Amino acid sequence: MANLSFIIVFLSIIVTTFNRGFLSFAGILIAVSVLFLLFIVYFYRNKINKDVSNSETLALYSLVVSYSLFMFFSGGIYQTDFISSAILQFLPLFIFPVILSYIVPQYNFQAKDRRLRYVFLLLAALAFRILIIIASPSPTIDVFTILKEAPMKVLSGLNPYNTHYSQVYAGVPSNYFAYWPVSFLLQIPFVALFGDPRLLFAILEIGSALLIYLIGGRSIVSESLSLIYLFRPNSLFIVEQSWLVEMEFFFLVLTFYILSQKFSSRRIDKTIFGGLIFGLLVGIKPVYVVLYPFLFPLFKKVKKFFYASVAVILVTVSPFFIADPKIFFIQTIGGFFYSNKQNWWIPYPRAMSLNALYNVFYNRDIPFFVTIIVVLAVLVFLVKNLYAAIAGYKKNDEILTAVLLSVAIFYSVFYILFRYTFINESYFVTDMIILWMASEAGNKKNKYREK
């Protein structure tokens with residue numbers, strides 16, 4: 001059990017590697033196994049051996065394995081530009097020796113060389129993402145279309161929630177925008193200047209990787225985890241499809257970083273700053289409101305954080321809600337409560353969820369109220385136990401790790417039951433697992449130094 005976390009992250013990656021996040025019996029089995037193992041760590045985390053050197057070895061080998069899979073699954077499905085596609089096919093192969101250098105004893109490299117290697121790989125990850133954007137200039141997916149056109153609707157004085165978008169799928173409605181306003185407000189300069197919303201996603205992913213590295217205490221383990229985050233199989237597919245998951249994760253990991261002890265500033269009140277960033281996250285998807293009780297143990301000035309985040313939410317959401325309350329509610333919240341028949345164009349039967357599996361055998365969905373009861377019960381259990389557990393922690397880093405583990409478990413439960421769980425939701429679960437592991441690595445490094 002000493003390094004169970006690395007088994008967990010590997011299995012969470014495998015869930016979406018071979019099926020692009022669509023339903024498979026093996027995928028469901030592994031997803032359930034990941035949740036089971038997370039609970040094992042949750043209940044027995046104080047008894048798990050925390051050997052630093054062994055963790056480093058496993059982290060480095062995990063990076064090599066993840067990148068090896070990345071080389072086989074590093075493209076999209078709508079690539080039309082030949083040159084960029086060809087470069088994208090072969091460039092990962094040439095960088096593989098650099099990845100292999102991580103399994104060479106690290107004392108053979110000077111600190112400067114290790115930093116240059118890490119920076120080089122960050123730039124390579126960004127280059128890969130730019131290449132997939134060039135290779136797939138017009139992916140046939142509704143998310144890309146609406147994220148590209150919504151900012152221009154705003155600049156034209158139109159309400160993105162009460163307008164029509166370019167038709168993507170024959171017979172499918174083209175008058176909906178399911179996300180909250182921050183999702184397109186931040187895209188305005190990128191779409192206006194470059195005509196593509198995905199460049200922002202690529203930049204934010206590199207930012208998330210750096211934050212993972214910082215939260216992990218700039219250790220070799222956190223460096224490996226940040227690179228695993230960037231070089232997972234199908235990670236470029238996520239960018240190609242324009243899914244918001246990595247944009248959401250950036251604001252989430254930035255919130256945790258600001259509220260942690262690793263962020264310090266005499267000029268900035270980190271409680272207010274963290275609240276502003278968290279408000280942007282909720283302004284993308286309201287589902288993140290449930291994180292409030294998980295975040296409160298990280299700081300003392302709860303009211304400041306809450307008011308700052310609510311201010312951002314009100315400023316970004318209110319204009320569009322006031323413009324047409326009914327349309328805004330139906331498109332961003334109410335539609336998720338519709339039956340599968342009402343949202344017939346969404347491939348629910350192919351979702352990576354227990355609901356889809358239940359549908360295969362019984363040709364009907366798990367009753368929605370059952371799902372809500374289970375999710376709320378897990379939420380209450382995790383929050384209650386979190387507040388009880390942190391009373392025994394003396395350091396903020398330990399509290400942060402406990403919070404991140406609880407959040408990872410919550411979203412694992414939530415998405416395994418959610419009707420809409422596809423590759424992007426599964427990716428977010430892996431994101432949270434990697435972030436939790438980075439925080440744990442930071443704790444290990446601090447304890448090792450104290451000895």
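Hydrogens, waters and symmetry mates play no part in the numbers below; they use all other heavy atoms, side chains included. Quick note: residue numbers are just sequence positions, from 1. Here the structure is a predicted model, which is why all the values come from computation and not from measurement.
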Partner set under salt bridge (charged side-chain N to carboxylate O under 4.0 Å, His left out) for [X], not counting sequence neighbours:
| X | value |
| --- | --- |
| K153 | none |
| K285 | E248 |
| E223 | none |
| R232 | E246, D431 |

Quick check against the 3.5 Å criterion: does [X] have a side-chain atom that pairs as donor or acceptor with the backbone of [Y]?
| X | Y | value |
| --- | --- | --- |
| E425 | F422 | yes |
| K301 | K270 | no |
| R20 | T16 | no |
| S426 | I423 | no |
| S235 | F231 | no |
| S439 | W436 | no |
| S318 | V315 | no |

Show every donor-acceptor pair shorter than 3.5 Å between a side-chain atom in residues 131-140 and any protein atom, with sequence neighbours excluded, or say none if there are none.
from: S136; atom 1: OG; to: Y78; atom 2: O; distance (Å): 3.4
from: S136; atom 1: OG; to: Q79; atom 2: N; distance (Å): 3.3
from: S136; atom 1: OG; to: E240; atom 2: OE2; distance (Å): 2.7

Which atom pair, heavy atoms only, marks the closest approach of [X] to [Y]?
| X | Y | value |
| --- | --- | --- |
| A209 | S226 | O-CB, 3.1 Å |
| F177 | P160 | CB-O, 3.8 Å |
| N19 | V15 | OD1-O, 3.1 Å |
| A124 | I95 | CB-CD1, 3.6 Å |
| V34 | L11 | CG2-CB, 3.7 Å |
| V143 | S242 | CG1-O, 3.2 Å |

Query raised in the report: Would you call D196 and K148 a salt bridge, taking side-chain N to carboxylate O under 4.0 Å as the test?
Result: no

Separation between [atom1] of [X] and [atom2] of [Y], rounded to the nearest 0.5 Å:
| X | Y | atom1 | atom2 | result |
| --- | --- | --- | --- | --- |
| T430 | M437 | OG1 | CE | 11.0 Å |
| L314 | S309 | CG | OG | 9.5 Å |
| I228 | L69 | CD1 | CG | 11.0 Å |
| E149 | T145 | CD | OG1 | 6.0 Å |
| S12 | I30 | OG | CD1 | 10.0 Å |
| L244 | L200 | CG | CG | 9.5 Å |

Query - Exercise: do Y427 and N234 side chains pair donor with acceptor under 3.5 Å - result: no

Report task. Report yes or no: do R419 and S353 form a side-chain donor-acceptor pair below 3.5 Å? Result -> no

Any heavy-atom pair between the side chains of [Y] and [X] that's under 4.5 Å?
| X | Y | answer |
| --- | --- | --- |
| I8 | L38 | yes |
| F128 | V239 | no |
| I203 | F190 | yes |
| F96 | L93 | no |
| L259 | F273 | no |
| L227 | Y102 | yes |
| L211 | F250 | yes |
| I13 | V65 | no |

Donor-acceptor list for residues 404-414 side chains, cut-off 3.5 Å, not counting sequence neighbours:
from: S406; atom 1: OG; to: A402; atom 2: O; distance (Å): 3.1
from: S412; atom 1: OG; to: A408; atom 2: O; distance (Å): 2.8

Query raised in the report: How far apart are the C-alpha atoms of I258 and T255, what are their side-chain angles, what is the distance that settles it, and do they pass the side chain to side chain contact (heavy atoms under 4.5 Å, CB included) test?
Result: CA-CA 5 Å; I258 292 171; T255 299; 6.0 Å; no

Would you mind writing out the side-chain donor-acceptor pairs for residues 178-189 within the sub-3.5 Å range, not counting sequence neighbours?
from: W180; atom 1: NE1; to: T332; atom 2: OG1; distance (Å): 3.2
from: S183; atom 1: OG; to: W180; atom 2: O; distance (Å): 2.7
from: Q187; atom 1: NE2; to: P197; atom 2: O; distance (Å): 2.9

Counting only heavy atoms not in [X], do more than 12 fall under 6.0 Å of its [atom1]?
| X | atom1 | answer |
| --- | --- | --- |
| F381 | CZ | yes |
| F10 | CZ | no |
| R350 | CZ | no |
| F72 | CZ | no |

Report task. Take F320 and V317 through the test side chain to side chain contact (heavy atoms under 4.5 Å, CB included) and record every step on the way to the result. Result -> CA-CA 6 Å; F320 302 96; V317 174; over 6 Å; no

Requested in this report: Determine, stepwise, if the pair Y165 / D142 fulfils side chain to side chain donor-acceptor pair (under 3.5 Å).
Outcome: CA-CA 9 Å; Y165 298 91; D142 54 354; over 6 Å; no

Query raised in the report: Pairs in or reaching into residues 60-74: which pass side chain to side chain donor-acceptor pair (under 3.5 Å), with residues at least two apart or in two chains?
Result: none

Pair up each side-chain donor or acceptor in residues 274-283 with any protein partner under 3.5 Å, not counting sequence neighbours, and list the distances.
none

Query raised in the report: Can you list the steps and then say if L126 with L122 is a side chain to side chain contact (heavy atoms under 4.5 Å, CB included)?
Result: CA-CA 6 Å; L126 180 60; L122 291 178; over 6 Å; no

Query raised in the report: Could you go step by step and tell me if M432 and L252 meet the side chain to side chain contact (heavy atoms under 4.5 Å, CB included) rule?
Result: CA-CA 9 Å; M432 288 308 309; L252 182 57; 3.4 Å; yes

Report task. Would you please name every residue forming a ring-ring contact (aromatic ring centres under 6.0 Å, His included) with F18, sequence neighbours left out? Result -> F73

Query raised in the report: Mind checking what makes ring-ring contact (aromatic ring centres under 6.0 Å, His included) contact with W243, not counting sequence neighbours?
Result: F237

Requested in this report: Return each pair, listed once, that meets ring-ring contact (aromatic ring centres under 6.0 Å, His included) where at least one residue sits in residues 194-229; pairs must be two or more places apart or across chains.
Outcome: Y118-Y213, Y229-F249

